Amino acid sequence: MMDVGRHPRIKLLAYSEVEEVSGYVGNFKVKVRKKARYVDEEECTACGDCVEVCPVIRPDEYQMGLSSRRAIYIPFPQGVPSSYIINIEECLGVQPIACGKCAEKCDKGCIDFDMKDQIVELEVGTIIVAVGMEVYDPTPLDEYGYTRFENVITTLEFERLIDSGGPLEGHFARPTDGKMLKRIGFIQCVGSRAERRGNPYCSNICCMNTVKDSLLLRDHYPEIDITVFYLDMRAFGKGFEDLYKRSKDAGVRYVRGLPGEVKEDPQTRNLLVTVENTTACRLEEHELDMLVLSVGLEPREDSKTIQQLLSLSRTTDGFFLESHPKLKPVDTSTRGVFLAGCAEGPKDIKESVTQASAAAARAQIILNQDKIPIEAITPIIDYDLCNFCGRCARVCPYGAIVDVDPKRKVPPRVIEAACAGCGTCSAECPVGAITQRHFGDEQIFAQLEAMLGERPEEKIVVFACHWCSYAGGDMAGVSRLQYPPSARVIRTMCSGRTGERFILRAFTLGAPIVLVSGCHFADCHYINANRWTQRRVERLWDRLERASIRPERLQLEWISAAEGQKFARTMRELEEMRKKVTPEEIEYTKQVLAEKV
Amino acid sequence: MAEEAKFRCLRCGHEFIAPYDKDNPQERSCPKCKSNSVRRARER
Ligand SMILES: Cc1cc2nc3c(=O)[nH]c(=O)nc-3n(C[C@H](O)[C@H](O)[C@H](O)COP(=O)(O)OP(=O)(O)OC[C@H]3O[C@@H](n4cnc5c(N)ncnc54)[C@H](O)[C@@H]3O)c2cc1C
Ligand code: SF4
Ligand code: SF4
Ligand code: SF4
Ligand SMILES: [Zn+2]
């Protein structure tokens with residue numbers, strides 16, 4: 001932290017918030033609100049004279065409310081810059097009862113009650129999102145008694161209690177009586193791996209954190225009896241199994257089973273934990289002096305704001321989605337924006353640092369170039385056909401189409417560096433004025449004509465997106481899954497590219513069944529382009545029905561790269577549907593659509 | 001309470017009621033056959 005603060009080429013804006021981001025890779029403009037600290041951070045030497053005279057006492061958030069702080073304080077000891085800050089909501093200096101004691105006390109005159117927030121505007125080439133995570137609040141899991149029993153604490157509170165810089169200055173004791181304890185328990189997976197209450201995923205760090213805490217306790221307080229209640233211990237990282245073994249060898253007791261209930265003895269304030277030991281197949285009761293809830297990690301509450309600021313995608317868990325899990329694990333759907341640490345998913349410090357190094361290196365590649373190459377899959381606008389309606393700009397997930405104004409008849413302009421090549425604009429243009437490089441209308445039509453040239457009634461036309469459904473088809477192939485040979489696949493980068501024109505052309509060429517497939521909503525590699533796909537298919541179902549064509553003949557499926565089984569099953573089901581489409585139906589469709597298209 | 005609508009699966013024909021928000025498209029799947037070819041059934 002200190003190194004970052006001192007580095008000549010790193011500008012640290014602490015106590016600041018990004019309010020606006022515009023532009024695109026290489027040319028981002030970022031508006032940051034640098035909040036008023038009411039203390040001159042350059043001049044303040046953190047002598048602490050001011051703190052002694054401040055009359056306001058509040059719970060110290062960093063110490064999890066286990067000790068107190070004043071209205072003028074340093075948020076946490078290692079904070080950079082090492083300078084004081086005033087919580088102006090709590091301060092009496094500017095209230096009707098003017099206090100101003102800290103200002104009087106500070107010889108250097110660092111305190112300025114009139115300080116205002118500053119707006120800082122930055123021009124940057126790349127952005128790394130490293131906003132981290134939050135910790136699960138175990139209040140809803142009432143059976144553990146977190147809000148009812150003072151001796152039930154979270155791992156975060158435990159960290160503060162045992163820390164030499166913590167409220168007890170490292171003299172570990174239990175909260176109710178300040179006495180040394182004899183028996184401590186840890187409950188794992190609190191708020192993790194739970195479908196109904198908490199989060200469905202594994203939080204990744206809590207098993208090893210408990211193993212570490214158990215060894216720490218063993219070292220400092222060998223007399224304490226330690227029990228860990230777990231579902232299964234996950235010690236997957238380098239050297240982790242060894243640590244786990246050391247913990248067991250040191251006498252830490254691991255009980256497989258999560259407690260069903262925790263009660264408190266009102267006299268002793270001891271905790272009575274009932275658990276089904278699933279290894280020994282018996283119900284056990286444990287009396288403990290303190291219980292630590294190994295709480296999981298969650299996405300930050302303000303993730304949606306950051307998602308919108310930077311046009312990012314998130315997974316169903318709420319963490320930010322990487323561009324590709326294997327090949328671009330720190331890139332995002334927006335070019336020039338990278339991810340590091342728990343913002344992308346729960347992970348430990350080593351993995352966070354590894355990812356941060358990778359993100360910095362990826363950003364550096366862009367920053368070292370005067371010009372950046374882009375993939376030749378951007379749109380081409382035919383200005384003779386364009387009627388300035390602006391639909392392309394409205395549907396573009398990246399805001400890559402600008403200037404267009406229907407009232408003043410200003411045509412659209414594509415910022416190619418910002419375009420990700422989803423093709424949604426091309427698919428949605430009502431007059432066919434946009435096409436996409438390498439996925440041009442004529443190229444797709446040629447593929448359709450080739451595949452439906454002979455015996456079209458035996459074929460199923462499948463539009464598949466590059467990232468998910470096409471890869472799902474590949475997965476079915478490499479897994480040697482059997483599916484009928486009737487499927488003919490056309491790959492586009494995103495299902496967003498599958499325009500009405502392609503689907504209708506397939507039907508006019510005699511296709512009995514057409515499938516549009518793409519990524520699941522949460523996995524869309526183009527933020528939300530597949531929502532437009534769904535809307536378009538829904539529109540077409542109505543349109544087909546109005547033309548007395550069975551809408552069932554147009555099918556929609558979201559298939560991930562891992563869902564080879566789903567791909568194969570879908571193809572088998574569609575083959576059954578194909579067999580039921582009559583030659584008369586196909587002929588009628590061709591005629592009706594030929595008149596309309 | 002969220003608005004609800006009737007949906008029909010275009011794979012297996014199953015009909016069901018589910019929450020519906022016109023401005024916020026959801027990924028839908030048929031509770032019976034799991035297909036995503038789920039269409040809102042319009043009252044005629
Ligand atoms: C109880 C507990 C114990 C743990 N023990 C271990 C351990 O022993 N070993 C280990 O390897 N890992 C441990 N971890 C995991 C470790 O904390 C994470 O791996 C690490 O903190 C991830 O780093 P990060 O930079 O991604 O996120 P964070 O550490 O969360 O840092 C993110 C930072 O971004 C700031 N921020 C957030 N939003 C914004 C915004 N909009 N604008 C500006 N700034 C913002 C936050 O204030 C924060 O300072 C533990 C975690 C917990 C909860
Ligand atoms: S890391 Fe361990 S304690 Fe944490 S959620 Fe996963 S299995 Fe549970
Ligand atoms: S959608 Fe088509 S017609 Fe409308 S502004 Fe864009 S290019 Fe022009
Ligand atoms: S191809 Fe996609 S990202 Fe590019 S301009 Fe069109 S809608 Fe936007
Ligand atoms: Zn169904």
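Naming: A, B, ... by sequence-line order, numbering from 1 per chain. Predicted, not measured: the structure shown is a model, and the values here were computed from it.
Taking the side chain as every heavy atom from C-beta outward, A:S323 and A:T332 never approach each other to under 4.5 Å. Two residues are said to be in side-chain contact when any heavy atoms from C-beta on lie closer than 4.5 Å; A:P551 and B:L10 meet this criterion.
Salt bridge absent: A:R550 and A:E545 never bring a charged side-chain N and a carboxylate O closer than 4.0 Å.
For the atom pair B:R39 CZ and B:R8 CZ, the distance stands at 8.0 Å (nearest 0.5 Å). To the nearest 0.5 Å, atom CZ of residue A:R394 and atom SG of residue A:C425 are 13.0 Å apart.
Aromatic ring pairs are classed by plane angle as parallel below 30°, tilted from 30° to 60° and perpendicular above 60°; the pair A:F463 and A:F502 is parallel.
In this structure, chain B has a heavy atom under 4.5 Å from the side chain of A:L574, while its backbone stays farther away. Using a 4.5 Å cut-off between heavy atoms, A:D542 touches chain B through backbone and side chain atoms alike. No part of B:C12 comes within reach of chain A, as not one of its non-hydrogen atoms sits under 4.5 angstrom from that chain. Neither the backbone nor the side chain of A:R553 comes within contact range of chain B; no heavy atom of the residue lies under 4.5 Å from a heavy atom of that chain.
Your options are A:E538, A:K566, A:R569, A:E573, and the one with the most heavy-atom pairs under 4.5 Å with chain B is A:E573. Contact count against chain B (heavy-atom pairs under 4.5 Å) is highest for A:Q555 among A:Q534, A:M577, A:Q555. In terms of heavy-atom pairs under 4.5 Å with chain A, the best-connected choice from B:K34, B:R40, B:Q26 is B:Q26.
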